[in-house]
Each structure stands twice: as structure tokens, then as C-alpha cells.
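First comes the structure, then the notes that go with it.
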There are 2 protein chains.
Amino acid sequence: MSPSRSPSPAQVRARAARLRRRPTLGLEAIVDVALEIVDAEGVEAVSMRRVAAAFDSGPASLYAYVANKDALLGHVLRRVIDEMELPSGGTWQERLRSWAYESRAVMARHGDVARLTFGTVPVTERVLDGIETNLTAMIEAGVPPQVATWALDILSLYVGADVFEGWLMSQRFDDGSGRDAEEIGSEYFEAVQREFAALPPERYPYLVRHLPLMMNGDSDARFAFGIDMLIAGFAAQIPAPS
Amino acid sequence: MSPSRSPSPAQVRARAARLRRRPTLGLEAIVDVALEIVDAEGVEAVSMRRVAAAFDSGPASLYAYVANKDALLGHVLRRVIDEMELPSGGTWQERLRSWAYESRAVMARHGDVARLTFGTVPVTERVLDGIETNLTAMIEAGVPPQVATWALDILSLYVGADVFEGWLMSQRFDDGSGRDAEEIGSEYFEAVQREFAALPPERYPYLVRHLPLMMNGDSDARFAFGIDMLIAGFAAQIPAPS
DNA sequence: TTCTACACGCGAACAGTGTTCGCGTCAACT
DNA sequence: AGTTGACGCGAACACTGTTCGCGTGTAGAA
């Protein structure tokens with residue numbers, strides 16, 4: 001065979017070099033790269049080309065390990081979920097609460113992975129264990145099973161939505177320039193505040209009066225409050241002991 | 001001016017015909033088309049080319065009326081929001097509840113518009129009125145203002161997340177073939193049920209025992225339950241009269 | 001009636017996207 | 001030494017959002 005016509009000698013050399021450098025393309029390595037991109041720029045920034053580029057390769061290479069982009073993102077979500085530590089001990093309320101906090105903290109570390117939790121959550125062992133612990137704690141404390149299962153559903157939904165919304169907010173305060181996100185944030189809040197303050201107070205008395213409360217940016221407190229509301233609601237469903 | 005070189009006579013005729021047919025491209029007409037696509041296939045199916053095609057035109061034409069795709073989708077969301085009817089009268093609980101139900105019903109009519117409510121909600125008059133009515137009812141009933149504002153935030157988040165998730169679920173049951181969505185749905189549930197039933201009961205006793213409850217597909221009941229939990233939680237925040 | 005402005009419409013192009021096909025190459029086994 | 005098979009991936013297809021700048025049709029001025 002002649003010294004290669006289509007692939008130039010330079011290409012051949014580059015190929016050999018790359019094969020030595022990278023630890024041979026594989027599912028875990030691919031997910032690593034995708035997760036790095038999600039952490040830094042979010043789910044929408046992940047593209048097959050970009051992930052493949054980390055291996056000095058083209059997008060086609062990935063399809064040997066991953067069915068399609070959705071499947072890749074599914075693996076990313078699985079990876080993140082398996083970072084969560086499960087609660088144990090304590091009352092069912094404490095267990096539910098720390099489970100919610102832990103989920104939120106872990107997801108918040110990884111950009112907008114939370115967006116992927118809508119619709120389907122991969123059923124890993126960790127997920128099953130999480131469900132089982134919480135179900136156990138609740139049912140043994142007298143929470144009706146139907147309430148307990150709904151409770152887990154609703155809490156997950158709320159946690160995911162909160163983290164996702166938080167990420168979207170934070171994005172809005174970064175896109176501007178190189179300035180501090182905090183600074184841009186408060187500037188934005190002031191602008192909105194002015195706009196709302198210009199509303200006719202006779203038509204929107206409560207809204208105008210309690211404006212500062214609405215602009216209160218403490219998202220941690222709001223999240224905690226929401227969780228407490230739900231847990232209180234669940235607790236009220238325990239039938240009185242006869 | 002020779003008889004047109006680049007544009008062929010056919011093109012010229014087509015152009016004239018189209019100008020007569022469509023009521024001259026405009027923001028409202030564009031939003032109409034986009035909303036139709038969202039209703040039928042979802043937000044992701046909206047593309048500038050496809051919207052423009054409804055006017056027998058190219059994507060560039062839209063940018064005279066809309067800054068970009070996000071802005072277009074923002075207008076779509078505004079349109080949907082302004083379909084909602086506001087509650088009045090009744091206790092604050094009733095008002096909150098019917099507001100949540102109405103929001104859910106309206107958004108559920110329009111594919112996955114709910115997805116657009118994350119991050120930013122357009123501040124229309126209707127939105128302001130909705131906030132004001134609910135704030136009024138709650139605060140006058142003794143709910144602390146901070147609780148009242150958070151309550152509205154959290155309820156909106158929950159409603160949006162629920163509708164969005166519901167749409168994603170429904171999508172999963174349509175994509176298969178031409179069969180009834182209901183049928184595919186129950187088939188899917190049975191498959192999942194079998195998978196879960198195969199779990200070791202000694203490790204997942206509660207999960208396995210209460211499986212039917214988890215698979216319970218009645219999403220309306222679950223939504224109602226969630227709303228009730230939150231409202232009950234809010235109510236518990238009313239300080240005892242001294 | 002003729003000419004001139006000007007707003008509006010949009011064709012073409014750019015740089016990206018997910019996914020598939022099928023060719024090449026290399027490693028290990030016979 | 002020869003063959004086989006797995007793996008990698010270049011190139012192409014059909015799409016995407018967005019911008020530039022060139023017509024064109026209409027309305028007003030002369």
C-alpha cells in the first residue's frame with residue numbers, strides 16, 4: 001500500500017500522538033468531560049463536537065459509547081445523583097429535610113443539572129435507597145403510605161425546580177461583563193424595585209408596600225421555608241392515635 | 001432596470017401573491033403562529049424558519065418584530081398568561097387554590113409553555129393583579145407579609161414544575177407509534193412495575209410493598225395534594241390572635 | 001404625473017447543531 | 001505471516017439562530 005493518500009502524514013502523526021495522550025475514550029471519560037462542561041457553562045453548552053474535541057476527535061466517536069446526546073446527559077445526571085449522601089437516623093422530618101438539603105447542595109454544585117431531573121430520574125441504587133429510607137421513616141411514624149409516596153414525589157419536584165430556577169437567576173447576573181455577580185445582582189434588584197415602586201399605590205397597595213420582601217434575595221431562606229411548609233403539611237396528615 | 005436578474009418572474013409573482021394573502025406580518029401574527037406550534041409540538045419545535053414559513057418567508061423577516069428567539073418565546077408566554085382568569089372572593093385559601101388550578105389548567109392547554117416560566121415571568125398587568133389579590137387576601141387574614149410573598153413564589157414554582165413534568169410524561173407516551181397514549185402509558189407502567197417488583201423485598205420492603213401507590217398515575221390528585229400541603233403550611237404561620 | 005425617500009421584506013451566508021454511513025487502521029489471535 | 005474483528009472517526013446531511021445588505025412597493029413631494 002502506498003504511503004497513505006487520503007490521510008496526510010501529519011494526520012497520521014497527530015493520531016498516534018493522541019492515542020497515547022488520552023486514556024482511550026470510554027464511557028466514564030466521556031461523562032467526565034460532559035460534566036466538566038455542565039459545571040462550567042451548563043447543559044446547553046454540551047455538544048457532541050465539544051465533548052469529542054477533548055479527545056482530539058470528532059463527534060462520531062462518541063456514538064460507540066453513548067446512544068445519543070440525551071443518553072449522555074442521562075449519564076451525567078446519574079453521576080451527580082450518586083454524589084448525594086443519604087440521611088439516616090433522626091425523625092422522619094429531619095430525614096426528609098436533610099435529604100432535600102443534600103439534594104439541593106449537590107445539584108447546585110453542578111450548574112443546571114437540575115434541569116435534567118424533570119421528566120425522568122435515572123433509577124440508580126442510590127435513588128432506590130433514598131426512597132426506601134424516607135418511606136420507612138414516614139410510614140413507621142404513621143404517615144399514610146399514599147401521603148408518603150406523594151411526599152417524596154413533590155419534594156423532589158420542588159427541589160429540582162428551586163435549583164434550576166436559582167441557576168437561571170445566577171446566569172442572568174453573570175452574562176453582563178466581568179463585574180462581580182453580587183454587584184450586578186443588587187443593581188438589577190434596585191432597577192426592578194424602582195420599576196415596581198412606580199406602580200400606582202392605590203391599585204397595588206400591598207404589592208407596593210411589601211416590595212422589599214419580594215425582592216428579598218435570600219434564596220436559601222426561601223427554600224428552607226418551602227420545605228418546612230411541605231413537611232408541616234405532611235405531618236398534619238398523620239391520623240390521630242386512637 | 002432590466003426585467004429582474006436575481007429574482008425570477010415566478011418569484012416576483014409569488015411574492016405579490018403572498019403579500020396579498022397574509023395580513024402583513026406583525027408581532028401578533030408571529031406570536032399566533034409560534035403559539036400554534038407550541039400547542040401542537042412544544043417549545044423545542046419552534047424555529048424561526050418554521051414560524052417564518054407560515055408567512056411564506058424566511059427567518060430574517062421576523063427580526064423586524066422580535067429581538068431574538070427568546071424574546072419571541074417571551075411573547076408567547078405573555079399571551080398564555082393573559083389567558084388566565086383571576087380569582088376573587090372567598091377565603092385566601094380558596095383564592096390561592098383556584099389561582100393555582102387556573103394557572104395549571106391554562107398552561108396545560110399550551111404544551112410545555114410551563115418550561116418558559118422558570119427564571120423569568122413577564123410582568124404583565126394580569127400578573128400584577130394576581131399577586132395583589134392574593135397578597136391582599138392573605139395579609140388581611142393575618143398571614144405575615146414575608147410568608148405571603150414567599151407563598152406566591154413557591155406556589156408559582158410548584159405549578160410550573162408540575163405542568164412541565166406532566167407534559168414531559170405525556171410526550172413519552174406519544175412518541176411510540178399511532179397507538180392510544182393511554183394504552184402505551186399503562187403498558188409502560190406495567191413494565192416499570194415488573195422491574196420494581198423484581199427488587200429484593202428484604203432490602204426494599206416499603207418500596208416493594210407500596211409500589212402500586214407510586215405508580216398511581218393520577219396526576220391531578222397529586223397536584224391537588226401538593227397544593228393543599230403548601231396551603232396548610234402557610235395557614236399554620238398565622239400567629240395566634242392575642 | 002413624475003420623482004424621490006424610506007420603511008419594510010427577505011435571500012444568502014456563517015458558524016454552529018445531532019446523527020449516520022462506511023472507510024481505514026491497528027492489535028491480537030491463529 | 002496472515003486474517004479477523006473491534007474500534008475510531010472524516011465527511012456528509014439536514015437542520016439551527018442570527019446578521020448583512022440588497023431589492024422592492026408605497027407614500028409623499030414637486
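Naming: A, B, ... by sequence-line order, numbering from 1 per chain.
Using a 4.0 Å heavy-atom criterion, one finds that A/Val46 contacts the sugar-phosphate atoms exclusively. Here A/Ser61 lies in heavy-atom contact (under 4.0 Å) with a base. Note on A/Ala64: nothing from the nucleic acid sits closer than 4.0 angstrom, heavy atoms only.
Minimum atom distance to the side chain of B/Arg49 is reached by D/dG17, of the listed D/dG17, C/dC8, C/dT19. When each of D/dT19, C/dC10, C/dG18 is scored by its nearest atom to the side-chain atoms of B/Tyr63, the top-ranked nucleotide is D/dT19. Of all nucleotides listed (D/dG17, C/dG18, C/dG9), C/dG18 comes nearest to the side chain of A/Ser47.
Note on A/Glu83 versus A/Arg126: no salt bridge recorded, every NZ/NE/NH1/NH2 to OD/OE distance being 4.0 Å or above.
If you take CG of A/Leu25 and P of D/dC9, they are 7 Å apart, rounded to a whole angstrom. The distance between atom CE of B/Met48 and atom C1' of C/dG9, rounded to the nearest whole Å, is 14 Å. For the pair B/Asp56 CG and C/dC10 C1', the computed distance is 13 Å after rounding to whole Å. Distance, A/Lys69 NZ to C/dG18 C1': 8 Å, rounded to whole Å. Distance CD (B/Glu44) to P (C/dG18): 12 Å, rounded to an integer number of Å.
Of the options B/Leu96, B/Leu86, B/Thr149, a side chain to side chain contact (heavy atoms under 4.5 Å, CB included) to B/Asn134 is made by B/Leu96 and by none of the others. Of the candidates A/Ile30, A/Leu72, A/Asn68, A/Leu72 is the only one forming a side chain to side chain contact (heavy atoms under 4.5 Å, CB included) with A/Met48.
Nearer to the 5' terminus of DNA chain D, by closest-nucleotide assignment, is the contact made by A/Gly58 (compared with the other of B/Pro59 and A/Gly58). Each of A/Ala67 and A/Arg50 has a nearest nucleotide on DNA chain C; the 5'-most of these lies closest to A/Arg50.
For the OP1/OP2 pair of D/dC9 and a distance below 4.0 Å, the side-chain nitrogens and oxygens of A/Ser57 include at least one atom meeting the criterion.
The aromatic ring centroids of A/Phe118 and B/Phe118 lie less than 6.0 Å from each other.
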